[in-house]
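Each remark here refers to the structure printed beneath this line.
Please read these numbers as outputs of a predicted model, since none were measured by experiment. In what follows, every chain begins at residue 1, and chains take the letters A, B, ... in the order their sequences are listed.
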Number of protein chains: 2
Amino acid sequence: MSTAASPTETETARLLRVLEAAGKRNTAQRVAICRALAAHPGHPTVAEVFASVREEFPMMSQATVYNTLETLRELGAIIQLDIANHDHIHYDLDVRPHVNVVCRHCENIADLHIESVTALIEEAGARSGFEINHTAGLILYGVCPECRSGFSDLGAEQSSGAEQSAGGRR
Amino acid sequence: MSTAASPTETETARLLRVLEAAGKRNTAQRVAICRALAAHPGHPTVAEVFASVREEFPMMSQATVYNTLETLRELGAIIQLDIANHDHIHYDLDVRPHVNVVCRHCENIADLHIESVTALIEEAGARSGFEINHTAGLILYGVCPECRSGFSDLGAEQSSGAEQSAGGRR
DNA sequence: ATCTCTGCAAACCATTTGCACGCTT
DNA sequence: AAGCGTGCAAATGGTTTGCAGAGAT
């Protein structure tokens with residue numbers, strides 16, 4: 001391991017580099033948070049990051065996690081995923097413009113790298129006059145293949161039966 | 001007024017029609033809520049709808065408003081806008097696939113009808129295997145023209161100064 | 001008679017906030 | 001010495017929930 005590091009290592013380093021470049025202090029807590037983020041495969045929530053970090057730093061407070069994640073988001077190092085009807089905010093380490101598809105039943109989140117997204121964002125900026133910054137995910141909602149086959153009767157959503165399986169409130 | 005009604009009337013009728021088609025009872029409260037929705041030009045929040053309806057029905061409870069809006073959303077009659085860092089959920093009467101652009105400073109929401117959105121949604125569905133239902137808005141974030149010129153110094157977002165002007169908690 | 005819908009009001013709980021202490025610069 | 005960052009713990013407040021009564025079918 002000299003030139004190439006593990007993806008996790010690389011990601012951690014990237015996050016820390018962003019913080020450093022912004023003149024932020026790389027405290028032990030922040031390093032731990034960045035590592036926890038990078039270690040999580042999917043789209044970690046604040047709670048998940050908090051839990052991971054707690055193992056190493058039992059004293060760490062939620063506020064620190066919230067602060068750091070918000071800082072990283074402001075700096076564009078991570079993307080915020082505010083998913084309708086989900087209790088927790090998710091984060092996405094993949095900052096390249098892409099689409100997140102969320103299942104309304106099992107709450108699964110899929111990443112979809114579609115070419116035209118970049119063009120869409122550019123066109124949206126041009127047409128609206130907004131300066132678009134991709135610090136939040138582009139989210140689409142639907143029903144994933146597993147849930148579609150599992151609950152064979154409810155094709156779309158207007159079913160009366162079991163809405164949402166895992167999550168809940170808001 | 002015989003063949004053509006006002007847009008507001010039309011919209012109200014559309015909402016009621018959807019409810020009726022789904023076998024829901026068109027109670028006085030629901031009619032009032034639909035009217036309030038249709039009367040609101042932009043992207044009304046639950047609180048706004050509630051306030052409007054309260055003028056006519058001082059007894060109406062929040063629960064009823066929440067219930068009805070959720071019902072309308074399930075039926076695809078309105079679109080839910082879960083905007084990051086906004087305190088309230090917004091709704092959009094325009095159910096055609098489109099993009100909503102949100103200003104991170106003034107919380108303004110713009111509608112953008114971009115051709116390629118439909119194609120994007122279809123491609124996302126095809127590639128992910130999800131059955132995508134457009135009951136939530138496709139949201140992009142940025143800084144609107146007014147805020148860009150107003151706060152001339154903060155071009156992007158990583159400024160240290162005043163984040164968010166109007167809103168703020170969650 | 002049955003079932004849906006509404007009003008009421010308490011409960012929920014993720015997120016936010018204020019302050020004081022500690023550590024870095 | 002000055003300031004950023006953290007821990008702590010309480011507050012916040014939009015949204016949800018349970019239940020009983022009213023109204024529709």
Side-chain angles (χ1 to χ4, degrees), chain A residues 16 19-20 22-34 36 44-51 53-54 56-75 80-91 107 160 163-164 166-170, chain B residues 16 19-34 36 44-51 53-54 56-75 80-91 107 136 158 160-161 163-164 166-170:
Chain A
L16 293 174
L19 286 173
E20 191 171 10
K24 306 288 183 184
R25 295 178 188 159
N26 276 353
T27 63
Q29 289 89 335
R30 282 181 178 159
V31 173
I33 291 171
C34 290
T45 63
V46 179
E48 288 170 346
V49 172
F50 184 52
V53 169
R54 264 268 168 123
E56 191 178 354
F57 290 83
M59 312 282 296
M60 169 118 37
S61 80
Q62 300 189 56
T64 299
V65 177
Y66 277 100
N67 287 339
T68 302
L69 292 178
E70 172 61 13
T71 299
L72 285 169
R73 201 224 80 217
E74 279 179 11
L75 296 173
Q80 181 179 2
L81 257 39
D82 254 66
I83 301 176
N85 306 315
H86 281 216
D87 292 341
H88 310 278
I89 297 177
H90 294 256
Y91 287 94
E107 300 203 329
S160 54
E163 261 266 297
Q164 241 94 327
R169 200 135 307 120
R170 162 151 245 276
Chain B
L16 294 174
L19 286 173
E20 192 171 9
K24 305 289 182 182
R25 294 178 189 159
N26 276 353
T27 64
Q29 289 89 335
R30 282 181 178 160
V31 174
I33 290 171
C34 289
T45 62
V46 178
E48 287 170 348
V49 172
F50 183 52
V53 169
R54 264 269 168 120
E56 192 179 352
F57 291 83
M59 313 282 295
M60 169 118 37
S61 80
Q62 300 189 57
T64 300
V65 177
Y66 276 100
N67 287 339
T68 302
L69 293 178
E70 173 60 14
T71 299
L72 286 169
R73 201 223 82 214
E74 279 180 10
L75 296 173
Q80 181 179 3
L81 258 39
D82 254 65
I83 302 176
N85 305 315
H86 281 216
D87 292 342
H88 310 280
I89 297 177
H90 295 256
Y91 286 95
E107 300 202 330
Q158 23 273 59
S160 53
E163 260 266 298
Q164 242 93 328
R169 198 137 303 125
R170 162 148 240 274

* To do: For the pair A:L69 and A:Y91, evaluate side chain to side chain contact (heavy atoms under 4.5 Å, CB included) and give the outcome as yes or no after the intermediate values.
  => CA-CA 8 Å; A:L69 292 178; A:Y91 287 94; 3.6 Å; yes
* For the pair A:E70 (side chain) and A:N67 (backbone), establish whether a donor and an acceptor sit closer than 3.5 Å, ignoring hydrogens and angles. => no
* Integer-rounded Å distance: D:dC8 P and A:M60 CE -> 11 Å
* To do: Send over the distance from A:E56 CD to D:dG7 P, rounded to a whole Å.
  => 12 Å
* Asked: Rounded to the nearest Å, what distance is computed from the OH atom of residue A:Y66 to the C1' atom of nucleotide D:dC8?
  -> 15 Å
* Asked: Looking at the side chain of A:R30, which of D:dG5, D:dG14, D:dT15 is the nearest nucleotide?
  -> D:dG5
* To do: Could you check which of D:dT6, D:dT17, D:dG14 has an atom nearest any side-chain atom of A:Q29?
  => D:dT6
* B:R54 or A:N67: which one's nearest nucleotide on DNA chain C is closer to the 5' end? -> B:R54
* Working for side chain to side chain contact (heavy atoms under 4.5 Å, CB included), residues A:M60 and A:I33 -> CA-CA 10 Å; A:M60 169 118 37; A:I33 291 171; 4.1 Å; yes
* To do: Ignoring hydrogens and angles, tell me if any N or O in the side chain of A:R30 forms a donor-acceptor pair with the backbone of A:L16 under 3.5 Å.
  => no
* Whole-Å distance separating the CD1 atom of A:I89 from the C1' atom of C:dT16 -> 11 Å
* Can you list the steps and then say if A:L72 with A:C34 is a side chain to side chain contact (heavy atoms under 4.5 Å, CB included)? -> CA-CA 9 Å; A:L72 285 169; A:C34 290; 4.3 Å; yes
* Rounded interatomic separation in angstrom, taking CD1 from B:I33 and C1' from C:dG7 -> 12 Å
* Please give, in whole Å, the distance from D:dT15 P to A:D82 CG? -> 12 Å
* Rounded interatomic separation in angstrom, taking CG from B:D87 and P from D:dA11 -> 20 Å
* **Residues touching DNA chain C, which here means a heavy atom under 4.0 Å, drawn from residues 19-28 of chain B** => B:K24, B:R25, B:T27
* Considering non-hydrogen atoms only, spot the tightest contact between B:S61 and B:F50 and give its length. => C-CE1, 3.7 Å
* Test B:Q29 against B:T68 for side chain to side chain contact (heavy atoms under 4.5 Å, CB included), laying out the working first. => CA-CA 9 Å; B:Q29 289 89 335; B:T68 302; over 6 Å; no
* **From D:dT17, C:dT6, D:dC8, nucleotide with atom closest to B:T68 side chain** => C:dT6
* Asked: Does B:T64 make a side-chain N or O approach to OP1 or OP2 of C:dG7 shorter than 4.0 Å?
  -> yes
* To the nearest angstrom, how far is A:Y91 atom OH from C:dT15 atom P? -> 8 Å
* Structure fact -> Closest to the side chain of A:Q62, out of D:dG14, C:dT15, D:dT17, is C:dT15
